[in-house]
J.: 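Structure provided below as structure tokens; questions to follow.
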There are 2 protein chains.
Amino acid sequence: MGVKEKRAKYREEFRQEILDAARELFITEGYENFSMRKLAEKIDYSATTIYLYFKNRDDLLFAICEEFFGNFSTRLNQIRLVSRDPVETLRQAFLYLMNFGLKNPYQYKLIFFTKSVYGSREELVKKESMARTTYLVFKEIVQDCIDAGQMRQTEADVIVDILVVASHGLITKNIYCANFLKERSGTVARTLVDVLLRGLQK
Amino acid sequence: MGVKEKRAKYREEFRQEILDAARELFITEGYENFSMRKLAEKIDYSATTIYLYFKNRDDLLFAICEEFFGNFSTRLNQIRLVSRDPVETLRQAFLYLMNFGLKNPYQYKLIFFTKSVYGSREELVKKESMARTTYLVFKEIVQDCIDAGQMRQTEADVIVDILVVASHGLITKNIYCANFLKERSGTVARTLVDVLLRGLQK
DNA sequence: AGAATATATTAACGGCGTTAACAAAAAATT
DNA sequence: AATTTTTTGTTAACGCCGTTAATATATTCT
């Protein structure tokens, strides 16, 4: 009926509030069953208010992705500072990604397996997104391994791809295959990491 | 306005016609943008007619999945008959899955990465679906390798999981990551197969 | 105080999946 | 051959959805 008595004094603060609610809703309901109206009800505002802070539904998802990749690249740089051995750094980085996926499968799915929010390759490269930054850091870690002579001479891009492929596969299977017992996922994950890193080393 | 002059004489025939149109529409438009109304328009019938042949939207998807798994398990048995070496059989089977995915990414996605149409593990096991059959054949092929002493003693289930994980990962990445150059996918695929099979052999 | 801007609302458009009510053709029964 | 029943199709409607337009009110600026 009446208008909200409490207004959003600080735009960014309220924007973040919406984003948090959206992330939760996206994860619990899934991308398909998310709706702007549900989100509106959750934050107790009308649906159209959301459009004052986000262009549309996909803009919300974009913000969630960027948030994730921001944290991820920070974490990668931390790992890099702590660990001295390049291959060990790579293992840690890879495990971090996989463990995040195993612990937060639906957020992982939301970020990596939903209608790409970053457009084509050209758009991705020029847009200077956190997603792009993260990829570059990951690639640098791989390059460090190659430069240190501890990894067979393959294009760093390909190696990054292989690792990401493995991680993506594990999480997808974990999510979509009902006959994929949860207890086994740990075993599969460990085996995957070992086989891949051993296969990649000189 | 008027009622259709040409009626569907043979139920199964018309059902298949709908299914073919649905598959095409699901693949071209994606699961998200598929709609019963579009399908209706495509086959030139009213939307509600579809409900005389399929329970609902997901029932259509289920039929498409079963169709695929039927073909897949047949193909696996063919490979098994031709090839004599167990590991070679496994390689062929694995490559068949991956190549199908690389050639038909959106159908692969539709079948493996959409809201599971097979329910929980218990439901999957008791329902006697083609999906279940396919999994069992795949597992038998792996078991043959183990029995022949050519593969390290690991649970066959785990090995199947690892291979499927790799395949799923490759296809997902191929679909969702704009920066995943198409030309590279072949290289990554070959490397994956080699590393995995070598790592699994005794 | 008054103008301008930011923030929020309701109403509406055109789409969706699905069900209900109904019509007509085909098949079965008498 | 006439009539009942079943199958196959239709239109209308319900309650969702994303998004835009028009509008009202609060806050901020001058």
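Because the structure is predicted, anything quoted here is derived from the model rather than measured. Proteins get letters first, then strands, A, B, ... in listed order; numbering begins at 1 in each.
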J.: When you get a sec, tell me which of D:dT8, C:dT18, C:dA8 is the closest nucleotide to the side chain of B:R11?
T.: D:dT8
J.: Compare the minimum distances between each of C:dC16, C:dT7, D:dC17 and the side chain of B:S35, then state the nucleotide with the smallest one.
T.: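 Given the options C:dC16, C:dT7, D:dC17, the side chain of B:S35 is closest to C:dC16.
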J.: Pick the closest DNA chain D nucleotide for A:K38 and for B:T48 by heavy atoms, then say which residue is nearer the 5' end.
T.: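 That would be B:T48.
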J.: OH of A:Y45 versus P of D:dA24: gap in Å, rounded?
T.: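 Going from OH in A:Y45 over to P in D:dA24 covers 21 Å.
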J.: With side chain to side chain donor-acceptor pair (under 3.5 Å) as the criterion, how do A:N71 and A:E67 come out once you've worked through the C-alpha distance, each side chain's angles and the decisive distance to 0.1 Å?
T.: CA-CA 6 Å; A:N71 296 335; A:E67 201 178 37; over 6 Å; no
J.: Is B:S46 near enough to D:dG9 that one of its side-chain N or O atoms lies under 4.0 angstrom from OP1 or OP2?
T.: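 So the side-chain polar atoms of B:S46 never come under 4.0 Å of the phosphate oxygens OP1 or OP2 of D:dG9.
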J.: In whole Å, I'd like the distance from the CG atom of B:L52 to the P atom of D:dT11.
T.: 13 Å
J.: Is A:R57 positioned over the aromatic face of A:Y31, cation under 6.0 angstrom from the ring centre and no more than 45 degrees off axis?
T.: yes
J.: Between C:dC16 atom C1' and B:E41 atom CD, what is the distance in whole Å?
T.: 14 Å
J.: What's the CD-P distance between A:E17 and C:dA8, to the nearest Å?
T.: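 Taking CD of A:E17 and P of C:dA8, I get 10 Å after rounding.
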J.: Rounding to a whole Å, what distance do you find between A:R15:CZ and C:dA8:C1'?
T.: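 Checked: the CZ to C1' distance equals 18 Å.
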J.: Give the rounded distance in Å between these two atoms: CG of A:L39 and C1' of D:dC16.
T.: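 About 16 Å, once rounded to whole Å.
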J.: Evaluate the ring-ring contact (aromatic ring centres under 6.0 Å, His included) criterion for residues B:Y108 and B:F113: first the C-alpha distance (whole Å), next the side-chain angles of each, then the deciding distance (0.1 Å), finally the verdict.
T.: CA-CA 8 Å; B:Y108 194 103; B:F113 311 147; 5.7 Å; yes
J.: Side chain of B:R37, base of C:dG17: donor and acceptor closer than 3.5 Å?
T.: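 Yes, a donor-acceptor pair under 3.5 Å.
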J.: Write down the distance between CZ (A:R57) and P (D:dT20), rounded to a whole number of angstrom.
T.: 14 Å
J.: Is B:T49 close enough to D:dT8 that one of its side-chain N or O atoms is under 4.0 Å from OP1 or OP2 there?
T.: no
J.: Given D:dT8, C:dT18, D:dT19, identify the nucleotide with an atom nearest to the side chain of B:Y53.
T.: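 Among the listed nucleotides, the one closest to the side chain of B:Y53 is D:dT8.
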J.: Around atom OH of A:Y106, are there more than 12 heavy atoms of other residues, nucleotides or ligands at under 6.0 Å?
T.: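 Counting other residues, nucleotides and ligands, OH of A:Y106 stays at 12 neighbours or fewer.
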J.: For B:E155, check side-chain contact (heavy atoms from CB on, under 4.5 Å) against everything at least two apart and list the hits.
T.: B:D157, B:V158
J.: Can you tell me if A:Y51 touches the phosphate of D:dG18, counting only side-chain N or O atoms and a distance under 4.0 Å to OP1 or OP2?
T.: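 So the side-chain polar atoms of A:Y51 never come under 4.0 Å of the phosphate oxygens OP1 or OP2 of D:dG18.
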J.: Any heavy-atom pair between the side chains of A:F34 and A:L60 that's under 4.5 Å?
T.: yes
J.: What's A:F34 touching, base or sugar-phosphate or nothing? Going by heavy atoms closer than 4.0 Å.
T.: sugar-phosphate
J.: Salt bridge between A:D194 and A:R91, side-chain N to carboxylate O under 4.0 Å?
T.: yes
J.: Could you give me the stems involving DNA chain D, meaning stretches of three or more consecutive Watson-Crick or G-U wobble pairs whose two defining distances are both below 3.5 Å?
T.: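 Stems (3+ consecutive pairs) listed as C:1-30 with D:1-30.
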J.: Please name all residues satisfying salt bridge (Lys or Arg N to Asp or Glu O under 4.0 Å) with A:E41, sequence neighbours left out, ordered by chain then number.
T.: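 Expected list: none.
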J.: If you only use heavy atoms from C-beta on, which nucleotide in D:dG9, D:dT19, C:dA8 is closest to the side chain of A:N56?
T.: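 Out of D:dG9, D:dT19, C:dA8, the nucleotide with an atom closest to A:N56's side chain is D:dT19.
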J.: Once you round it to whole Å, what is the distance between C1' of C:dC16 and CD of B:E32?
T.: 14 Å
